[in-house]
Amino acid sequence: NIAANGDRELCMAAVAHDWRALQYASEEMQGDRELCMAAVGQDGDALEFVSQEMKGDRELCMTVVKTNYRALEWASEEMKGDRELCMAAVAQSWRALEWVSEEMKGDRELCTAAVAQDWRAFQYASEEMKGDHELCMAAVAQSWRALEWVSEKMKGDRKLCTAAVAQDWRAFQYASE
């Protein structure tokens with residue numbers, strides 16, 4: 001019923017029961033701050049169903065990514081470029097690096113924080129970061145497999161390749177001349 005999905009009281013009751021009800025609310029209700037906060041308070045994935053305006057609401061996004069890094073996927077591009085928000089998401093999980101803006105994928109501190117948790121974060125770093133010797137060494141120190149993701153120039157770095165090959169001979173396939 002078109003009228004029901006715009007009824008604030010009914011929407012609040014439905015979302016209070018289950019955040020997924022937000023996807024059936026009217027556009028107006030998906031932009032209702034209180035309703036959105038109630039939904040994302042249950043599960044950060046509810047950010048997928050809030051209005052574009054709410055996806056750019058810093059307070060809402062910050063609340064969500066502090067407990068659910070995956071919600072960053074649904075945040076606005078502006079929020080994906082917000083350094084503090086991205087740091088909060090990466091503090092939750094290295095996997096958040098996948099959804100930050102291209103600019104943030106080039107942020108050394110952010111990439112270092114993500115790679116410190118798990119070398120696999122390195123694959124989401126910018127090309128510039130994949131050429132950063134210190135970051136490459138940090139990733140390879142955790143796993144020789146990170147050598148696959150380093151820049152071509154770094155694949156020719158003797159120290160880096162030696163560190164990788166010392167872990168497993170298969171790293172040799174990623175080393176360049």
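Transitive grouping of hydrophobic side chains (ILVMFWY, heavy atoms separated by less than 4.5 Å) keeps Leu135 and Leu97 in distinct clusters. A single hydrophobic cluster is seen to contain both Trp74 and Leu35, as judged by linkage of ILVMFWY side chains at heavy-atom distances under 4.5 Å, directly or through other members.
For Glu28, the CD atom counts as loosely surrounded, since its 6.0 Å shell holds 12 or fewer non-hydrogen atoms of other residues, nucleotides or ligands. Annotation: Glu148, atom CD; neighbour count of heavy atoms from other residues, nucleotides and ligands within 6.0 Å is above 12. Residue Gln123 places its CD atom among more than 12 non-hydrogen atoms of other residues, nucleotides or ligands, all under 6.0 Å distant.
Atoms OG and CE, on Ser51 and Met29 in that order, are 10.5 Å from each other to the nearest 0.5 Å. Annotation: the span from Cys86 atom SG to Leu72 atom CG amounts to 5.5 Å, rounded to 0.5 Å. Rounding to the nearest 0.5 angstrom, the gap separating the CG atom in Asp32 from the CD atom in Glu27 is 14.0 Å. Separation of atoms CD (Glu102) and CD (Glu128) is listed at 12.5 Å; rounding is to 0.5 Å. Here the straight-line distance linking atom CG of Asp43 with atom CZ of Arg70 works out to 6.5 Å at 0.5 Å rounding. Rounded to the nearest 0.5 angstrom, Met62 CE and Asp57 CG are separated by 11.5 Å.
Side chains of Tyr124 and Val100 form no contact here, defined as non-hydrogen atoms less than 4.5 Å apart.
Evaluation of the side chain to side chain donor-acceptor pair (under 3.5 Å) test over residues 138-147, restricted to residues two or more places apart or in two chains, returns none.
The shortest non-hydrogen separation linking Gly81 to Ser101 is CA-OG, 3.5 Å. Pairing each heavy atom of Leu22 with each of Val15, the nearest pair is N-CG2, 3.8 Å. Nearest heavy-atom pair across Met129 and Cys136 is O-SG, 4.4 Å. The two residues Trp99 and Lys80 come nearest to each other via the heavy atoms O-CD, 3.2 Å. Closest non-hydrogen pair, Val64 versus Gly44, comes out as CG1-CA, 3.5 Å. Here the closest non-hydrogen pair linking Cys61 and Lys55 is SG-O, 3.2 Å.
Panel note: side chain Glu34, backbone Met12; no donor-acceptor pair is recorded below 3.5 Å. Using a distance-only test at 3.5 Å, with no hydrogens or angles considered, no donor-acceptor pair links the side chain of Gln30 to the main chain of Met54.
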Q) Which is it for Phe122 and Val150 under the side chain to side chain contact (heavy atoms under 4.5 Å, CB included) test, yes or no, and what are the steps along the way? A) CA-CA 8 Å; Phe122 192 70; Val150 304; 3.6 Å; yes
Q) Yes or no on side chain to side chain contact (heavy atoms under 4.5 Å, CB included) for Val65 and Leu47, after CA distance, side-chain angles and deciding distance? A) CA-CA 10 Å; Val65 301; Leu47 197 62; 5.9 Å; no
